[in-house]
Amino acid sequence: MSEVHCYIQAVGMVSAAGDSSATALQNACAGKECLTWEDLPGRKGLLPVGRVKGELPCVEAEQAHWHSRNNQLALAALQQMSSQVATAIARFGQTRIGVVIGTSTSGVADNEVALQDWRDDSALPAHFDYRRQELGAPAAFIAQHLQLEGPAYVISTACSSGAKALASARRLLRAGVCDAVIAGGVDSLSQLTIAGFSALESVSEQRCNPFSQRRAGINIGEGAGLFLLSREPARVALLGVGEGSDAHHISAPDPSGAGAERVMRAALADAGLQAAQIGYINLHGTATPLNDSMEAKAVNRVFGAHVPCSSTKPLTGHALGAAGAIEAALCWQLLQQGRAGQTVALPVHLWDGVSDPEMAAIRLVEQGDRGVVDFVLSSSFAFGGNNIALILGRVNEADL
C-alpha cells in the first residue's frame, strides 16, 4: 500500500437515512424506506424527496446571513465531532486548520421564500440577505463558528462537490498548509434544484430505481457529511483519489463510461491497490438511464461482476453537492464495523429487481449479504463529466 498521509479522525452526518452515519448505515443494511412524499410548489401530486427529519440546531450568530437551513445541516453534522475538533484546535491552533466544503445550493432555499414575498408584496422582507445564498457561505460559516483562521473555501462541481472537498483537504495536508481540515459537503432541498432537474426530465415521481430496466430518474435529497482529516494515524484513511473530466457534454455523461473508468483506475493506482482488494463499491447510482448504463460499464471493466455494489440514493435521495460526502461517510462507517478479514453486513441495493438486459453485469447487494470489507470505493459523477473516485481503507492496528 502507498504511504498514507490522510487519516479520518471523525465523521458527522445527517441525511434522510438518519441523524448519524451509524443510523444511516443500519438503515441502509436493513433496506429501510427513508424518503418522504411531499406536495411541493410547482408540482402536481406528491413527490418523493430525501428530507432530513427532526429538529436541527439553531444558528446563534447575530448576522442574518448565517441563518439558513443549509448552515443548520452543516452545524448538525459538525456537532457530532465537536470533541475531536476541539482537540485539534487545542493541538494545532486556529491558523493551522482548514475548512473545505462542497455545495450546490448553499442558502438559496431560504432566500426563495423571501423572493416569493417580493413577488406577492412588491417588497423584500427585512430579514432578506443575499449573502445567505453565496456559494462560499458554508465554509465561511464553519470557520467563523469555530473561529478558525486557516484556508476556508467551497468547491461547487455539482454532484461531485462533497467528494472533491475531501480530495482538496488531502492536498492541503500533504502540502503542509494545514495540520487538520474539516471537509465534506452540505446541501438543502430547494425549489431551484427540484425545478431544474424536473426541466431536464430527470426527476422520478416514484422512489428512484437505480440499475433497473424501469429506472426513471432521481429523487432530490439534502443533508451534510463532514470529516475531520489529519496526518495523525487513525483507524480509517483516505487512501486513494482519482479525479478527471470526460468533457463529453454539459449534463450527460460519456456513454462509454471511459471517464468513470479512468478515475476508478486512478484511485486504485493512487492507493497502491488491486481491483480484487476492494470489498464494496458505493455506486453513484442516480437511476437515470444514461448514468447507470455508463457506470455499470465502467465498474464491470475495472472490477468485473463479483464485487458487491449498491447505490444508497434510494435511502438518502440525491443530495447533490453533499452526495459524495454523505456516501463517503457511509463507507467510513462500514469500515468501523468488525475487524480486518471479518465479514460485515453490506448496504442493500434498493430497487425493483428488474434487470436491464442491455446493461453490463455488476453484483448488486441483496438483503442479508455480507462481505469482507477492508477497502471501499465510492464514486461521484457530475455535470460536465466532473468525475471522482475515493478509496477508503482500514489501517493496520500495528500502525496506530
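Computed over heavy atoms, backbone and side chain alike; hydrogens, waters and symmetry mates excluded.
- Side-chain heavy atoms closer than 4.5 Å link hydrophobic residues (I, L, V, M, F, W, Y) into clusters, and following such links, even through other members, never connects Met81 to Leu392.
- Between His284 and His318, the ring-plane angle classifies as perpendicular under the 30° and 60° cut-offs.
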**OP:** Take Trp37 and Arg207, measure what side chain to side chain contact (heavy atoms under 4.5 Å, CB included) needs, and give me the verdict at the end.
**Re:** CA-CA 9 Å; Trp37 269 249; Arg207 188 189 71 199; 4.3 Å; yes
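- Follow the hydrophobic side-chain contacts under 4.5 Å out from Ile194 and you reach Ile218 in the same cluster.
- Minimum interatomic distance between Gln206 and Asn219 (heavy atoms only, all atoms of both residues): O-ND2, 2.9 Å.
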**OP:** Report the C-alpha distance between Val100 and Tyr153 in whole Å, list the side-chain angles of each, state the deciding distance to 0.1 Å, and finish with yes or no for side chain to side chain contact (heavy atoms under 4.5 Å, CB included).
**Re:** CA-CA 5 Å; Val100 188; Tyr153 56 91; 3.6 Å; yes
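- Remark: Leu73 CG to Ser15 OG distance equals 10.0 Å, nearest 0.5 Å.
- Within a 6.0 Å radius of CD in Gln79, other residues, nucleotides and ligands contribute more than 12 heavy atoms.
- Here the side chain of Ser20 pairs a donor or acceptor atom with the backbone of Thr23 at under 3.5 angstrom.
- Residues in residues 84-113 take part in no ring-ring contact (aromatic ring centres under 6.0 Å, His included) pair, two or more places apart or across chains.
- For Ser380 (side chain) and Ile388 (main-chain N/O), no donor-acceptor pair under 3.5 Å exists by modelled atom type.
- The closest donor-acceptor contact from the side chain of Asn300 to the backbone of Ile362 lies at 3.5 Å or more, if one exists at all.
- Contact between Leu173 and Cys178 at its shortest, heavy atoms only, is CD2-O, 3.5 Å.
- Residues Val263 and Phe381 approach most closely at CG2-CE2, 4.3 Å, considering heavy atoms.
- Using modelled atom types, one finds a donor on one side chain and an acceptor on the other under 3.5 Å when comparing Arg132 with Asn111.
- Rounding to the nearest 0.5 Å places CD of Gln72 at 6.5 Å from SG of Cys58.
- Going from atom OG1 of Thr36 over to atom NZ of Lys53 covers 5.5 Å, rounded to the nearest 0.5 Å.
- Residues Arg215 and Glu295 are not paired through a salt bridge, judged by the lack of any N-O separation under 4.0 Å between the basic side chain and the carboxylate.
- Between the side chain of Gln80 and the backbone N or O of Ala10, no donor-acceptor pair lies under 3.5 Å.
- Contact detail for Asp179 and Arg231: the closest heavy-atom pair is OD1-NH2, 2.6 Å.
- Residue Ser168 comes nearest to Ile155 through the heavy atom pair CB-CD1, 3.6 Å, listed as atom of the first residue, atom of the second, then distance.
- Side-chain contact between Asn386 and Lys164: present, with at least one pair of heavy atoms (C-beta onward) separated by less than 4.5 Å.
- In terms of hydrophobic clustering, with Ile, Leu, Val, Met, Phe, Trp and Tyr side chains grouped at heavy-atom distances under 4.5 Å, Val348 and Tyr280 are assigned to different clusters.
- Using a cutoff of 4.0 Å between basic side-chain nitrogens and carboxylate oxygens, Lys297 and Glu261 are not scored as salt-bridged.
- Using a 4.5 Å heavy-atom cutoff, the side chains of Leu40 and Leu189 are not in contact.
- The distance from atom CG of Leu346 to atom CD of Glu366, rounded to the nearest 0.5 Å, is 11.5 Å.
- Classified by interplanar angle (parallel below 30°, tilted 30° to 60°, perpendicular above 60°), the ring pair Trp66/Phe141 is tilted.
- For the pair Gln9 (side chain) and Ala234 (backbone), a donor-acceptor distance under 3.5 Å is absent.
- Cluster annotation: Leu78 is not connected to Met13 through the hydrophobic network of ILVMFWY side chains, with a link wherever side-chain heavy atoms come within less than 4.5 Å.
- A continuous path of hydrophobic side-chain contacts links Leu229 to Leu390 [ILVMFWY only; heavy atoms under 4.5 Å].
- Counting heavy atoms from C-beta outward, Glu327 and Lys313 have side chains that approach closer than 4.5 Å.
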Subject >> Audit row: Glu243, Asn387, side chain to side chain contact (heavy atoms under 4.5 Å, CB included) steps and yes/no >> reply: CA-CA 6 Å; Glu243 297 181 85; Asn387 305 320; over 6 Å; no
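- At a threshold of 4.5 Å between non-hydrogen side-chain atoms, the residues Val177 and Pro151 count as touching.
- Under the 4.5 Å side-chain criterion, counting only non-hydrogen atoms from C-beta, Val236 is not in contact with Val11.
- Counting only distance, with no hydrogens or angles, the side chain of Asn209 and the backbone of Asp352 share a donor-acceptor pair below 3.5 Å.
- A salt bridge links Arg170 with Asp270: the distance from a Lys NZ or Arg NE/NH1/NH2 to an Asp or Glu carboxylate oxygen falls below 4.0 Å.
- How far CG of Leu56 is from CZ of Arg69: 5.0 Å, rounded to the nearest 0.5 Å.
- The side-chain heavy atoms of Leu146 and Val99, taken from C-beta on, include no pair separated by under 4.5 Å.
- When all heavy atoms are compared, the tightest approach of Leu135 to Thr103 is O-CG2, 3.7 Å.
- In the model, Asn70 has no side-chain atom that pairs as donor or acceptor with a side-chain atom of Ser68 under 3.5 Å.
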**OP:** Would you sort out whether Asp110 and His67 count as a side chain to side chain contact (heavy atoms under 4.5 Å, CB included), showing the intermediate values?
**Re:** CA-CA 9 Å; Asp110 298 86; His67 292 261; over 6 Å; no
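- Ring to ring, Phe383 and Phe197 are close: their centroids are under 6.0 angstrom apart.
- A donor-acceptor pair under 3.5 Å is absent between the side-chain atoms of Glu149 and the main chain of Thr95, judged by distance alone.
- Within 6.0 Å of CD on Glu112 lie more than 12 heavy atoms contributed by other residues, nucleotides or ligands.
- At a threshold of 4.5 Å between non-hydrogen side-chain atoms, the residues Leu283 and Ser379 do not count as touching.
- Between the side chain of His349 and the main chain of Pro210, a donor-acceptor pair closer than 3.5 Å is present.
- Remark: Ile89 CD1 to Ile97 CD1 distance equals 5.0 Å, nearest 0.5 Å.
- Panel note: side chain Asp187, backbone Ser104; a donor-acceptor pair is recorded below 3.5 Å.
- Listed by first and then second residue, the side-chain hydrogen bond (donor to acceptor under 3.5 Å, both in side chains) pairs involving residues 329-338 are Ser21-Gln333 (not counting sequence neighbours).
- Arg301 places none of its side-chain heavy atoms less than 4.5 Å from the side chain of Met264.
- Judged by distance alone, the side chain of Arg265 and the main-chain N or O of Ala260 form no donor-acceptor pair under 3.5 Å.
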